[in-house]
There are 2 protein chains.
Amino acid sequence: MDDDLMTIREMCDAFDVTPRALRFYESKELLFPLREGQKRLYTRRDRGRLKLILRGKRFGFSLEEMRQLLDLYDRGDAQEEQLRRTYEVARERLAQMERQRDELDEAIEELRGQLEWGAEMIASFRRSAAE
Amino acid sequence: MDDDLMTIREMCDAFDVTPRALRFYESKELLFPLREGQKRLYTRRDRGRLKLILRGKRFGFSLEEMRQLLDLYDRGDAQEEQLRRTYEVARERLAQMERQRDELDEAIEELRGQLEWGAEMIASFRRSAAE
DNA sequence: GTTCAGGCTTACGTTAACGTCAACTTCGCT
DNA sequence: AGCGAAGTTGACGTTAACGTAAGCCTGAAC
């Protein structure tokens, strides 16, 4: 009943992740649940971190990147220099994503162009393959 | 001098790929260079196929998908049914790419939103991590 | 005649983020 | 006692597209 501590299953249900994932994150030092005997007990802190981890994933951050970011806050020395670095990481990631999207847009346009010619695209493929 | 046949190195230079990649494609049955003793000799047909393979990669087709497509043309039975299937594969891929781009756009917007608050984003991270 | 570039084959390594066993232990319940 | 549910720790498997290294061959150049 201690709402402060959650079992692995409660965590899985709450965040829609698998037990394996949580243990994996722990092995990668992204989470540090307490132990009651063998069992893991996740604290509010773990939940906060997991939330950030999942958000980071949506942004395309790797687990390793998230670990580094989380470590910065943990060390409590997230002063100017550290904050700026974090900010930079995020900006770089954003730039990456924008480049990626632009490339995707190009590819889509190119492919769409082919498709507009319908079966003609296929004929093009055939010519290229034959020649 | 036989412009019809190219060595592996000429191919690499012409298409900007590594020898390893060409041998890999061959092992996956995407290319079928001739042999002069040990050495591979790439024909015009191989060049056509490679061009398509690389184009396919830009479109996000997997090598396996390209192999299947190329096989269709090879079998020479690329009649209506086959053509329609090819067309469908391409359309599905296009839809996939569009979905992917939309997700990317969402993520970008979300991240941009965070960044617009500048260092405030970082504070948000800190609050979340702490709480 | 030897060295050297370039090619060849075989096979293991890489990266990310888990999935999927196998083999226990523990706990509450009957 | 016994049983099933739930949790735990290894440890190997997965996917894609090559990279990398080891060891061998071969023709051309000096």
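Just so we're clear, the structure is a prediction, and the values are computed from it rather than from any experiment. So you know, we letter chains A, B, ... as the sequences are listed, proteins then strands, and number each from 1.
Taking each heavy atom of B:R49 and B:L30 in turn, the nearest pair found is NE-O, 2.9 Å. In this structure, A:R47 and A:Y42 approach most closely via the heavy-atom pair NH1-O, 3.4 Å. When all heavy atoms of B:M6 and B:M11 are compared, the closest pair comes out as CE-N, 3.8 Å.
A 4.5 Å side-chain heavy-atom check between A:L50 and A:L22 finds at least one atom pair inside the cut-off. A:L31 has its side chain out of reach of A:R45: every pair of non-hydrogen atoms, C-beta onward, lies at least 4.5 Å apart. Looking at A:L63 and A:I53, their side chains come closer than 4.5 Å, going by heavy atoms from C-beta outward.
Near DNA chain D, meaning a heavy atom under 4.0 Å away, the residues from residues 7-14 of chain A are A:I8, A:R9.
Where the helix from C:dG1-D:dC30 to C:dT30-D:dA1 starts and where it ends, the local axes point in directions that differ by 30°; five pairs per end, rounded to 10°.
If you walk DNA chain D from 5' to 3' and mark each nucleotide with an atom closer than 4.0 Å to a heavy atom of chain B, the marks span D:dA17 to D:dT20.
Scanning for side-chain contact (heavy atoms from CB on, under 4.5 Å) contacts around A:K39 gives an empty result, with sequence neighbours left out. Applying the side-chain contact (heavy atoms from CB on, under 4.5 Å) rule to A:R58 yields the partners A:R55, B:E110; only residues at least two apart in sequence or on another chain are considered.
One interatomic measurement links the two molecules: CZ of B:R40 to C1' of C:dC8, which rounds to 7 Å at whole-angstrom precision. The distance between atom CD of A:E26 and atom P of C:dC18, rounded to the nearest whole Å, is 15 Å. Residue A:L31 contributes atom CG, which lies 14 Å from atom C1' of C:dC18 at whole-angstrom precision.
Place A:R35 and B:K28 on DNA chain D by their nearest nucleotides, and A:R35 ends up nearer the 5' end.
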Protein proximity profile, nucleotides 21-27 of chain C - base contact B, sugar-phosphate-only contact S, no contact -, cut-off 4.0 Å on heavy atoms:
-------
